[in-house]
Amino acid sequence: MTLAVKSYGSGTPLVMLHGWGMNSGVWGSAVDTLSQHFEVLLVDLPGHGDSSSEAATNQLDDWVDAVLEVVPQEAVWLGWSLGGMVAQRAALKSPGRVKALMMVTSTPCFIRQHDWPAGLDKQGLEKFGEQLMGNTQKALLRFLGLQVRGASDERSTLKRLRESIIKSNPPSREALESGLYLLQHADLRDTLGELAMPTCWLFGEKDTLVPALTSIYIEKLLPRATRITIPSGGHAPFLSHPVVSETALEQLVAETLQGAVT
């Protein structure tokens with residue numbers, strides 16, 4: 001299996017994983033900022049961008065293993081949304097490979113539960129899956145709209161998300177369907193507390209997909225985790241609030257690296 005990886009800068013490896021339906025080009029100017037201090041490794045998830053769909057199964061570990069095959073033995077992992085869930089599972093499965101873990105609007109459980117109100121409505125996501133089967137392109141564009149809803153500067157952020165898709169190969173239908181399955185069924189809450197490496201979590205105050213409320217529940221699972229919420233930010237704060245987000249990410253990477261060696 002082959003996943004596409006692009007490298008920028010030099011220094012401590014920083015693996016960056018994008019979200020469902022997107023590709024590594026979505027990170028935009030954050031790459032320029034972070035590559036001044038780290039070797040940034042942009043990975044296209046299975047079936048997304050320039051990566052093959054071979055590992056795009058309904059098993060989260062298949063996605064994780066595919067990424068582990070193409071990145072350095074030790075690195076900081078930074079994941080957005082579904083990419084964050086892949087990174088979390090990698091840290092749990094191969095803790096020696098992940099020096100520090102950074103999450104951007106991600107969660108160990110995307111679906112709302114009786115003991116996890118910070119999640120999406122299961123029926124709503126299932127309905128979205130049905131729409132995906134009927135008209136993939138329309139459903140994907142609708143999902144992009146959900147990512148910016150409620151946040152400041154919705155229109156320009158949505159434009160940048162669309163441009164990210166247009167500039168690269170479209171995600172395969174197989175990858176979209178299996179990725180959506182993971183969003184619906186993967187749940188890492190029971191094991192997340194086992195993480196010993198430094199972790200930090202960045203949320204958007206207006207995020208409708210991963211509510212900022214998630215921060216409270218992350219504190220319960222990982223009391224020592226660093227948590228930051230971007231005011232007026234949506235699901236892609238690194239696009240809607242690039243300066244604030246990039247400054248936070250830059251500082252957090254440096255702090256987590258320091259924590260990893262102390």
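Being a predicted model, the structure only gives us computed values, none of them experimental.
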Novice: Quick check against the 3.5 Å criterion: does Ser24 have a side-chain atom that pairs as donor or acceptor with the backbone of Leu42?
Specialist: no
Novice: Answer yes or no: is there a side-chain heavy-atom contact under 4.5 Å between Gln88 and Leu101?
Specialist: yes
Novice: Taking the side chain as every heavy atom from C-beta outward, state whether Asp65 and Lys93 have any atom pair closer than 4.5 Å.
Specialist: yes
Novice: Which pair of non-hydrogen atoms, one from His241 and one from Pro231, has the smallest distance, and what is that distance?
Specialist: NE2-O, 3.4 Å
Novice: How many angstroms lie between CE in Met22 and CG in Asp44, if you round to the nearest 0.5 Å?
Specialist: 11.0 Å
Novice: So Leu3 and Pro46, do their side chains get closer than 4.5 Å, heavy atoms only?
Specialist: yes
Novice: If you define the side chain from C-beta out and look only at heavy atoms, does anything of Pro237 sit under 4.5 Å from Ser245?
Specialist: yes
Novice: As a quick check of understanding, evaluate side chain to side chain contact (heavy atoms under 4.5 Å, CB included) for Leu82 and Leu182, giving each step before the final call.
Specialist: CA-CA 8 Å; Leu82 175 61; Leu182 296 180; 4.3 Å; yes
Novice: Heavy-atom count check: over 12 atoms from other residues, nucleotides or ligands less than 6.0 Å from Gln113 CD?
Specialist: yes
Novice: Answer yes or no: is there a donor N or O on one side and an acceptor on the other, between the side chain of Thr12 and the main chain of Phe38, under 3.5 Å?
Specialist: no
Novice: Test side chain to side chain contact (heavy atoms under 4.5 Å, CB included) on Leu78 and Leu14; report intermediate values, then the result.
Specialist: CA-CA 7 Å; Leu78 191 162; Leu14 174 62; 4.1 Å; yes
Novice: Nearest 0.5 angstrom please: Trp63 CH2 to Leu68 CG, how far?
Specialist: 14.5 Å
Novice: How many angstroms lie between atom CG of Asp50 and atom CG of Asn23, to the nearest 0.5 angstrom?
Specialist: 8.0 Å
Novice: How far apart are the closest heavy atoms of Glu205 and Ser232, and which atoms are they?
Specialist: OE1-N, 2.6 Å
Novice: I'd like to check Met102 versus Val76 (side-chain heavy atoms, cut-off strictly below 4.5 Å). Are they in contact?
Specialist: yes
Novice: Testing the basics here: between Met16 and Val40, what is the closest heavy-atom pair and its distance to 0.1 Å?
Specialist: SD-CG1, 3.4 Å
Novice: Without swapping roles, check the side chain of Ser35 against the backbone of Asp32 for a donor-acceptor pair under 3.5 Å.
Specialist: yes
Novice: Less than 4.5 Å apart, any side-chain heavy atom of Ser53 and any of Ser172?
Specialist: yes
Novice: Ignoring hydrogens and angles, state whether a donor on the side chain of Ser178 or Asn58 is under 3.5 Å from an acceptor on the partner side chain.
Specialist: no
Novice: Do you know which two heavy atoms are closest between Ala118 and Tyr217, and how far apart they sit?
Specialist: CB-CD1, 4.2 Å
Novice: Please find the pair of heavy atoms, one from Thr214 and one from Trp116, that lie closest to each other, and give the distance.
Specialist: CG2-CZ2, 4.1 Å
Novice: Walk me through whether Phe203 and Ile218 qualify under side chain to side chain contact (heavy atoms under 4.5 Å, CB included).
Specialist: CA-CA 11 Å; Phe203 298 100; Ile218 291 299; 4.1 Å; yes
Novice: How long is the gap from CZ on Phe238 to CD1 on Ile230, to the nearest 0.5 Å?
Specialist: 11.5 Å
Novice: We want to know whether Ser7 and Glu39 form a side-chain donor-acceptor pair, criterion being a heavy-atom distance below 3.5 angstrom.
Specialist: yes
Novice: Is there side-chain contact between Leu188 and Thr107, with at least one heavy-atom pair below 4.5 Å?
Specialist: no
Novice: Within the 3.5 Å criterion, strictly below it, is a donor on Thr57 or Asp62 matched to an acceptor on the partner's side chain?
Specialist: yes
Novice: Closest approach of Pro13 and Leu41, non-hydrogen atoms and distance?
Specialist: CB-CD1, 4.1 Å
Novice: If I take atom NZ from residue Lys220 and atom CG from residue Leu222, how far apart are they, to the nearest 0.5 angstrom?
Specialist: 13.5 Å
Novice: I'd like to know whether CG of Asp115 has more than 12 heavy-atom contacts from other residues, nucleotides or ligands below 6.0 angstrom.
Specialist: yes
Novice: How far apart are the C-alpha atoms of Ile216 and Leu213, what are their side-chain angles, what is the distance that settles it, and do they pass the side chain to side chain contact (heavy atoms under 4.5 Å, CB included) test?
Specialist: CA-CA 6 Å; Ile216 297 175; Leu213 175 66; 3.6 Å; yes
Novice: Below 4.5 Å, heavy atoms only, C-beta onward: do Thr105 and Leu202 meet side chain to side chain?
Specialist: no
Novice: Output yes when a side-chain donor or acceptor of His48 lies under 3.5 Å from a complementary backbone atom of Gly21, and no otherwise.
Specialist: yes
Novice: Which label fits His235 and Trp80: parallel for a plane angle under 30°, tilted from 30 to 60°, or perpendicular past 60°?
Specialist: tilted
Novice: Where the side chain of Arg97 meets the backbone of Pro72, is there a donor-acceptor pair that is under 3.5 Å apart?
Specialist: yes
Novice: Look up atom CG in Leu192 and atom CZ in Arg89, then write down how far apart they are to the nearest 0.5 Å.
Specialist: 11.5 Å
